[in-house]
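Everything below concerns the one structure shown next.
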Amino acid sequence: MEEHSDLPSRSMEVAATALPLNDEEYVYEDARSEECSEVEDADQKYCENRLKDIDNGDQDSYPHKFAVSISVSEFIAKYKSLFNGDHVDDQVSVAGRIMSKRSSSSKLSFYDLNDSCLKVQVMADLRKSELDKDEFAKLHAFAKRGDIVGVTGFPGKTKRGELSIFPRSFTVLSPCLHMLPSPANNKKQEIWSPGHLRHPQTYVLKDQETRFRQRYLDLMMNNHEIPQIFKTIDNINKYIRRFLSLLDFVEVSTPMLHTIPGGAAARPFVTHHNDLDMKLYMRISPELYLKQLVVGGMDRVYEIGKQFRNESIDMTHNPEFTTCEFYMAYADYNDLMKMTEDLLSGLVKELTGGYRVKYHAKGYDKDPIVIDFTPPYRRIDMIGELEKVAELSIPKDLAGEEANKYLIDACGRFGVKCAAPMTTARLLDKLVGHFLERTCVNPTFIMNHPEIMSPLAKSHRSIKGLTERFELFINQHELCNAYTELNDPVVQRQRFADQLKDRQSGDEEAMALDESFCTALEYGLPPTGGWGLGIDRLAMLLTDSQNIKVPSLFFIHLN
Amino acid sequence: MEALKVWSLTASPLRQLLRLSSSSTAIYGRRSHHSSLMLRCASAASSSSSSNAATAETPKPSGRNRRAASSSNSTSDREAIRSIRLKKVEELRGQGVEPYAYKWEKSHSANQLQEIYKHLANGEELNDESDRVSIAGRVVARRAFGKLAFLTLRDESGTIQLYCEKERLSDDQFEQLKAFIDIGDILGASGSMKRTEKGELSICVSSFSILTKSLLPLPDKYHGLTDIDKRYRQRYVDMIANPEVADVFRKRAKIVSEIRKTVESSGYLEVETPVLQGAAGGAEARPFVTYHNSLGRDLYLRIATELHLKRMLVGGFEKVYEIGRIFRNEGLSTRHNPEFTTIEMYEAFSDYQSMMDMAELIVTGCAMAVNGKLTLDYQGTEICLERPWRRETMHNLVKEATGIDFSELGEDLGKAKDTVLVALQDVLEHKDKSGIGACSSLGHLLNEVFEVVVEPKLVQPTFVLDYPIEISPLAKPHRGNAGLTERFELFICGREMANAFSELTDPVDQRRRLEEQVRQHNAKRAAAAAETPEGKAKKDDDDDDESYEVTLDEDFLTALEYGMPPASGMGLGIDRLVMLLTNSASIRDVIAFPVLKPSPHIYASGSLKLEDTPPPPPPQVSSVVDDGDDDDQYVDAQVEEVVDHVDGLLNEVREEEGKEEDCALEEGQSNGEILKSSLKKETLDSEDGERREKKKKVQWVDLMGKELAEIREFESRLVY
């Protein structure tokens with residue numbers, strides 16, 4: 001990180017200090033890796049045997065279709081009230097994966113059929129089957145744990161009270177060629193729901209590398225929690241879309257391939273378009289394009305989409321991540337703070353049923369914290385609060401030498417480290433991280449950033465040198481960043497120039513970038529409030545995840 | 001266009017006020033020859049001869065005669081306007097007025113007002129407190145007289161007239177209005193509602209505020225933007241000049257939201273799969289390559305979402321979909337943009353038959369949502385989307401169109417080719433013939449004939465069923481016909497809209513097919529390299545379609561080995577659907593910021609070129625009836641200023657452009673956007689030398705990275 005440390009890396013700092021590196025599953029890592037090669041050999045043999053069985057089988061091992069008449073959850077809901085030993089004559093067809101198999105004889109086998117996180121027992125009894133004895137025995141010798149099967153039969157409860165399907169026909173739809181990880185325990189697991197704590201110690205598949213690399217196994221084996229995480233993310237996106245569309249926002253898509261990377265300070269991914277023989281950059285932010293649409297007359301636009309930053313991967317940083325940005329003409333940052341409160345509190349209420357979210361902020365082996373999303377949220381004035389908490393008296397002219405010296409001195413006194421270049425903006429950033437952000441566990445707005453830290457934000461209407469900007473911090477991490485947009489092209493040019501002065505960069509592309517954006521501003525951007533939210537980070541809070549990998553389905557493999 | 005309506009109306013008491021000097025050009029005065037000079041320079045000097053405005057823009061003489069002036073003058077005009085307006089900004093600040101306001105509370109949109117007050121009678125005014133309204137938008141027309149001014153304000157929803165009377169405005173606001181407001185400025189205004197004698201609904205302004213001062217003139221109404229590129233490069237200018245441009249984006253939003261609604265109500269879960277991948281699979285297309293600095297390795301931008309979504313089915317989700325961006329490193333055309341949006345959806349336990357129903361459901365749902373009906377006009381062709389749509393096998397369609405029955409052709413590829421060439425000798429062009437010659441199997445041959453002969457004829461929605469196995473490496477073999485797969489493509493207007501199959505779930509078969517794909521790809525690369533040993537000699541051509549690597553996605557194959565349920569999957573191109581439903585000729589009309597060829601003048605601050613064509617001929621001049629209307633008045637050159645040029649239509653320009661691009665870009669075009677996976681239309685001739693060179697180009701990233709680390713102009717919206 002440090003080689004491009006002049007980017008506002010505040011949140012990364014926090015990540016390093018606030019979170020001990022006990023990733024959720026490292027604590028519970030199982031010992032399988034030691035026996036790895038042994039396991040692999042066994043698995044390979046298993047695979048070969050199954051392939052042989054498939055070749056020898058006379059039925060189609062990969063049928064085209066299976067007509068499901070009822071899902072497992074519907075089945076349970078419909079028939080759970082049967083009495084023990086009863087059965088009904090309904091014909092049902094259910095499909096799913098066999099998560100366990102118990103054979104009591106060649107005439108009787110029991111299976112647990114899973115559909116997502118719910119399961120139902122299949123009691124395959126020769127007497128109820130359409131098959132003859134040999135066929136039946138052969139079929140059930142072939143069916144293995146992990147296979148996807150379709151079962152048609154009638155529902156009933158065993159004498160012991162287990163809700164079951166008694167199959168007339170039983171079809172392997174897709175055999176599993178590998179051994180599934182064996183269940184550590186057979187206890188029935190509570191199904192997780194958002195806002196509650198997760199329990200990785202109960203996972204069948206614990207090895208983190210396998211979980212992230214073969215996410216389908218994670219979903220399959222740890223199915224009382226993992227599938228719910230992704231349903232939660234879908235629900236977060238749905239809620240945001242609904243919230244914004246009720247306010248007449250239009251969802252738009254702006255390019256992910258940029259000819260010039262803009263709108264944020266980050267290292268971009270670079271690629272090359274062959275036909276045009278042209279360099280392209282993966283977007284680091286959609287901001288400049290969205291503002292152009294507002295210039296073009298679309299007063300309320302938003303985009304939910306991926307951004308890409310060519311940075312190292314850690315607990316809170318993934319090279320691709322999802323954000324929601326919206327721009328609202330004629331609104332200012334005060335409106336946006338209210339909207340942020342409404343959106344987040346409404347979202348948390350809808351997903352979790354309340355405003356208070358439990359979260360393992362320090363790892364699964366430590367006590368969880370409670371994050372309270374009840375509005376309104378605390379608002380702290382960045383400079384004022386910093387002066388108060390740290391007993392500072394920062395010179396008013398923040399752009400001047402004096403302020404810079406003062407802050408270098410202050411950082412030294414408090415032992416706050418700031419790597420070169422020690423610009424005033426970076427020094428302030430570190431001090432705010434040290435004194436203010438760590439106090440922000442419940443949602444807190446840190447507001448009114450100095451101009452030198454916010455080149456795209458409009459100057460404060462009454463306080464000189466500051467901007468109308470806020471960041472929302474939760475659990476010491478930045479979730480939102482918003483401001484009244486700077487729309488004066490002259491001032492915008494000046495801010496860019498100031499930035500460049502700081503960096504002594506004469507890059508032509510940088511100049512061009514400023515120019516094209518400023519030209520758009522010259523056509524007139526209405527007074528506009530702009531807002532960005534990191535959806536992955538919000539998802540982490542609501543799914544009790546400390547690692548950004550958890551709520552992303554697939555992760556770049558490090559092989 | 002309101003202007004016309006307004007201007008067709010006749011005189012008023014204002015007549016005296018305005019001291020109209022001549023009545024001969026009264027009606028349609030603004031279209032008269034006399035004022036057309038004014039109009040054409042209007043963009044350059046929107047409030048030109050405002051004599052009582054201290055800072056009025058005074059156009060240079062050349063500006064008055066834009067027709068004669070060469071376009072190079074427009075740059076200096078523009079600069080002059082810019083500096084005049086900058087001066088206005090300063091002066092406003094000097095008077096304590098901030099020309100970049102912080103906020104405006106608007107009570108209504110223009111359209112709402114038109115709706116609410118549509119029954120207001122001519123001449124009627126509402127003075128009730130509850131009828132006080134406030135509105136905000138861009139000034140698109142401006143007429144100012146002695147003590148009266150009319151502004152037309154446009155917001156997202158439409159336009160409304162501002163009726164600004166000196167007496168009603170506080171203090172010196174009227175003078176401010178006359179002196180400082182230009183076309184293009186964003187204004188907030190509040191007041192009461194009135195309909196003028198001539199029937200124009202207006203806000204009788206009691207106060208207003210300049211919200212954003214614009215510095216640059218908007219393009220000329222009658223001539224518009226001639227530089228097609230600029231329409232896309234400065235999309236916001238296009239949108240200001242042509243409100244219907246933004247309508248396409250609004251419809252696009254509606255379509256996407258309708259798709260989500262349809263699939264969600266069928267129980268689908270939306271997931272996000274990665275854009276950056278270790279290997280680009282799921283289709284055959286040239287991927288974009290990038291480099292991750294801290295991992296120290298190449299990554300590919302996804303060319304399909306297929307293989308990751310299928311892993312979700314393995315993981316136990318039964319219905320998943322993703323609406324997302326796909327990237328293909330291919331040429332540009334009216335139908336191809338390097339990034340485009342698809343929906344891919346997968347449903348466990350079903351087959352391709354059920355996906356046909358889903359495709360019908362989605363497309364008809366979207367058509368109803370945006371057009372309210374199932375018939376539509378696409379570029380002059382009427383399309384009927386009434387269900388059910390025709391479902392026919394590829395074999396039958398080819399037989400129907402050519403008389404060739406592929407099921408009776410036998411196994412001999414050479415003979416089959418001869419049969420085809422003889423049967424179709426009158427139809428085929430030279431390049432088609434060589435395409436047929438290059439086919440490596442009967443399946444490829446069938447597909448080639450289909451593409452050349454049948455595809456363009458599939459105008460009404462048609463599902464083409466049962467593709468040959470050779471070109472469908474991810475589809476399950478047909479349960480009834482060996483050599484075919486359970487796959488369909490949906491064609492509308494001769495264009496592929498969707499591609500779907502019963503998914504191949506057998507890991508052994510899948511591995512075999514992907515290995516075959518890799519083998520064929522490599523063979524083609526090798527052959528192409530051998531054919532053109534001179535390598536770089538043909539540097540400029542773009543026939544190096546095979547010069548990228550195709551690798552096996554082992555992780556995907558392993559996932560299949562864990563067992564994927566029988567499933568059907570479909571990919572549907574959202575950009576093409578939007579094109580169809582919004583009657584857009586080019587993909588660039590449905591993508592807000594399309595990728596464009598590099599242009600030396602992209603960021604030049606030069607003005608928008610104004611076309612050098614003569615203005616439209618003056619309409620017939622009728623005699624004036626000065627009946628004393630109070631506002632909607634003809635104004636001749638003596639009166640202060642008349643401008644309305646923003647409603648300009650760029651239609652002629654657009655048509656031209658469409659044609660132009662079609663010929664320029666379709667040539668040598670590869671298949672481009674293929675939805676879900678497919679292998680059709682392989683173009684030949686790769687050049688190994690060039691390939692290597694190009695690869696080098698994408699690997700200089702480290703150097704670039706450093707370079708870029710210096711570019712830090714922008715504070716990030718999200719500090720990550």
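Here is the naming used below: chain letters follow the sequence lines, and residue numbers restart at 1 for every chain.
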Check each atom of [X] against the heavy atoms of chain B and say whether the ones under 4.5 Å are side chain, backbone, both or neither.
{"X": "A:L177", "value": "both"}
{"X": "A:D218", "value": "neither"}
{"X": "A:I54", "value": "neither"}
{"X": "A:P526", "value": "both"}
{"X": "A:T484", "value": "side chain"}
{"X": "A:V295", "value": "both"}
{"X": "A:V490", "value": "side chain"}
{"X": "A:R97", "value": "side chain"}
{"X": "A:D147", "value": "neither"}
{"X": "A:L293", "value": "both"}
{"X": "A:P255", "value": "both"}

Would you compute the distance between atom [atom1] of [X] and atom [atom2] of [Y] and round it to the nearest 0.5 angstrom?
{"X": "B:Y300", "Y": "A:T271", "atom1": "OH", "atom2": "OG1", "value": "10.5 Å"}
{"X": "B:R235", "Y": "B:R233", "atom1": "CZ", "atom2": "CZ", "value": "12.0 Å"}
{"X": "A:M278", "Y": "A:L257", "atom1": "CE", "atom2": "CG", "value": "9.0 Å"}

Shorter than 4.5 Å, heavy atoms on both sides: which option in [options] has the most such pairs with chain A?
{"options": "B:R138, B:E105, B:E98, B:K106", "answer": "B:R138"}
{"options": "B:V256, B:L215, B:L560, B:V89", "answer": "B:L215"}
{"options": "B:Y352, B:F249, B:Y236", "answer": "B:Y236"}
{"options": "B:G137, B:P507, B:S257, B:G188", "answer": "B:P507"}

So for [X], is it side chain, backbone, both, or neither that comes closer than 4.5 Å to the heavy atoms of chain A?
{"X": "B:R325", "answer": "side chain"}
{"X": "B:L504", "answer": "neither"}
{"X": "B:L301", "answer": "side chain"}
{"X": "B:P477", "answer": "backbone"}
{"X": "B:Q353", "answer": "neither"}
{"X": "B:R252", "answer": "side chain"}
{"X": "B:T558", "answer": "both"}
{"X": "B:V275", "answer": "both"}

salt_bridge([X], [Y]) N-O dist < 4.0 Å:
{"X": "B:E330", "Y": "B:R286", "result": "no"}
{"X": "A:D248", "Y": "A:R300", "result": "no"}
{"X": "A:R267", "Y": "A:E311", "result": "no"}
{"X": "B:D506", "Y": "B:K476", "result": "no"}

Is A:D335 reaching over with its side chain to a backbone N or O of A:D332, donor-acceptor style, under 3.5 angstrom?
->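 Pair found, side chain donor or acceptor close to backbone of A:D332.
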
Counting only N and O atoms by type, is there a donor-acceptor contact under 3.5 Å from the side chain of B:R311 to the main-chain atoms of A:R215?
->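 The answer is no, because no donor-acceptor pair under 3.5 Å joins these two groups.
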
Please work out which of the three classes, parallel, tilted or perpendicular, describes the rings of B:F327 and B:F288, given edges at 30° and 60°.
->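 The rings of B:F288 and B:F327 stand perpendicular, inter-plane angle above 60°.
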
Among [options], single out the residue with the greatest number of heavy-atom pairs under 4.5 Å to chain B.
{"options": "A:N334, A:L486, A:D299", "result": "A:D299"}
{"options": "A:Q292, A:E251, A:H258", "result": "A:Q292"}
{"options": "A:A520, A:A331, A:G146, A:G297", "result": "A:A520"}
{"options": "A:A457, A:S253, A:C47, A:P175", "result": "A:S253"}

Qualifying residue, where the test is side chain to side chain donor-acceptor pair (under 3.5 Å) with A:T323 and the options are A:K306, A:Q307, A:E287, A:R537 =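 One option only clears the test, and that one is A:Q307.
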
Could you tell me which residues satisfy salt bridge (charged side-chain N to carboxylate O under 4.0 Å, His left out) with B:E322, sequence neighbours excluded, listed by chain and number?
->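 Scan of B:E322 (salt bridge (charged side-chain N to carboxylate O under 4.0 Å, His left out), adjacent residues dropped) gives B:R302.
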
Is atom NZ of A:K238 surrounded by more than 12 heavy atoms (other residues, nucleotides or ligands) closer than 6.0 Å?
->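 More than 12 within 6.0 Å, yes.
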
Are A:F269 and A:Y281 an aromatic pair by the rule of ring centers under 6.0 Å?
->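 Between A:Y281 and A:F269, which both carry aromatic rings, the centre distance is not below 6.0 Å.
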
Using the six-membered ring of B:Y102, assess whether NZ or CZ of A:K458 lies under 6.0 Å from its centre and within 45 degrees of the ring axis.
->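 Checked: cation-pi criterion met.
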
Hey, mind stepping through B:K213 and A:D488 against salt bridge (charged side-chain N to carboxylate O under 4.0 Å, His left out) and telling me if it holds?
-> CA-CA 8 Å; B:K213 183 80 199 125; A:D488 180 339; over 6 Å; no

